[in-house]
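Structure first, then comments.
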Amino acid sequence: MKLLDREFYNRDSLLVAQDLLGKVLVHEIGGQRISAKIVETEAYMGVEDKAAHSYGGKRTPRVEVMYGGPGYAYVFLIYGMYNCFNVVTREQGTPQAVLVRAVEPLEGVDVMAQSRFQLTCRQLSKSQTKGLTNGPGKLCKALAIDKRLNGEDLCGSRLYIEEGGPGNFTIVSAKRVGIDYAEEAKEFYWRFYIKDNQYVSVK
DNA sequence: TTGTCGATGTTCT
DNA sequence: GAACATCGACAAC
C-alpha cells in the first residue's frame with residue numbers, strides 16, 4: 001500500500017484534513033500492524049486560528065514540532081489523561097496541523113481491545129466495540145499513541161499513513177468540538193467526517 | 001435516552 | 001493558579 005509522502009502534508013490543513021478521510025493510519029509495534037481508517041478530522045489553521053495552540057505565532061516547547069515542517073506527529077496530553085494525535089502540515093515555520101478525531105479499526109483489533117478494556121476483541125460488548133476508537137483520546141489509547149511519539153516522522157516506518165482502498169464516501173463538514181474558548185473561530189466548519197460512518201465521534 | 005459533573009497532570013501565566 | 005482540541009460514570013427521565 002502506498003505511503004503518503006511529504007508533499008501530501010505540505011499543504012493547508014483544510015485540504016489535508018479532507019484528503020485524510022478514508023486513509024489508513026498504521027502503528028507498527030514489535031512487527032505487529034495496528035491499523036485503522038481515518039473517518040473524522042479537524043483542521044487547525046495556525047497563526048490566524050484562535051482555536052489553534054499556535055495561534056498568534058505562539059511558540060513554546062509543546063508546540064515546537066508544528067514549526068518543524070510537514071509530515072510529523074504532534075501528540076499532546078489533554079485534561080491530564082488523554083492524548084491527542086495530530087499531523088503537522090505546511091512548510092517549516094508555518095505551524096498548522098490536523099487533529100485526527102476518530103478512526104475505524106482494521107487490523108490488530110485484539111491489541112486495541114486489550115489497550116482500551118483489557119479484553120479480547122471477542123469479549124467486547126456492543127457498546128465497547130462501537131466506542132473503541134470514536135474519539136481523539138480513545139483512538140490514541142487503542143493505537144498505543146502517546147507523547148513518546150511526539151515529533152515522530154510519519155514518512156518513516158513506525159507510525160505512518162497509507163492510501164486506503166478506493167472507498168466511495170461523502171464528506172460532511174461541521175463545527176469543531178471542544179473549543180468554546182475560541183470566540184468566532186468556534187463557528188468555522190473546519191471539522192470533516194465520513195457521512196454515515198458509525199465511528200464518527202459527534203454527528 | 002439526555003444531561004451534568006469530576007478526574008487528572010502538564011503547560012503556560 | 002488557571003486552563004485545557006476528553007471521557008466515562010451516574011442520575012433523571
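Residue numbers begin at 1 in each chain, while the letters A, B, ... track the order of the sequences. Computed from a predicted structure; not experimentally measured.
- A salt bridge links A:K50 to A:E183: one of the charged nitrogens lies within less than 4.0 Å of a carboxylate oxygen.
- Residues A:G131 and A:H53 both approach DNA chain C. Their nearest nucleotides, taken by heavy-atom distance, put A:H53 toward the 5′ side.
- Rounded to a whole Å, the OH atom of A:Y79 is 12 Å from the C1' atom of B:dA7.
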For this session: Check the pair A:F8, A:V16 against side chain to side chain contact (heavy atoms under 4.5 Å, CB included), reporting the backbone distance first and the verdict last.
Result: CA-CA 7 Å; A:F8 176 91; A:V16 176; 3.9 Å; yes
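- Atom CZ of A:F169 has more than 12 neighbouring heavy atoms from other residues, nucleotides or ligands inside a 6.0 Å radius.
- If you check residues 176-193 of chain A against DNA chain B, you find no residue with a heavy atom closer than 4.0 Å.
- Along DNA chain B, the nucleotide nearest to A:M81 and the one nearest to A:K147 differ in position, and the one closer to the 5' end is contacted by A:M81.
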Exercise. Would A:K138 and A:L132 count as a side chain to side chain contact (heavy atoms under 4.5 Å, CB included) if you check the C-alpha gap in whole Å, the side-chain angles of each, and the deciding distance to 0.1 Å?
Worked result: CA-CA 7 Å; A:K138 297 177 186 180; A:L132 199 55; over 6 Å; no
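- When rounded to the nearest whole Å, the span between CD1 of A:I78 and C1' of B:dA7 equals 13 Å.
- In this structure, A:Y55 atom OH and B:dT13 atom P are separated by 14 Å, rounded to whole Å.
- By the 6.0 Å contact criterion, CD on A:E48 is open, its count of non-hydrogen atoms from other residues, nucleotides or ligands being 12 or less.
- Rounded to an integer number of Å, the gap from A:Y82 OH to B:dG9 C1' is 13 Å.
- In summary, the side chains of A:Y160 and A:E28 do present a donor paired with an acceptor at a separation below 3.5 Å, with no hydrogens or angles considered.
- Within the structure, side chain to side chain donor-acceptor pair (under 3.5 Å) pairs that include any residue of residues 102-114 of chain A comprise A:R33-A:E107, A:S35-A:E107, A:E104-A:N197 (at least two apart or interchain).
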For this session: Start with the C-alpha gap between A:T89 and A:T94, add the side-chain angles, then the distance that decides, and say whether side chain to side chain contact (heavy atoms under 4.5 Å, CB included) holds.
Result: CA-CA 8 Å; A:T89 61; A:T94 301; over 6 Å; no
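- Nucleotide B:dT4 forms a Watson-Crick or G-U wobble pair with C:dA9, both donor-acceptor distances falling under 3.5 Å.
- A nucleotide of DNA chain C counts as in contact with chain A when one of its atoms lies under 4.0 Å from a heavy atom; the first and last such, 5' to 3', are C:dC4 to C:dG8.
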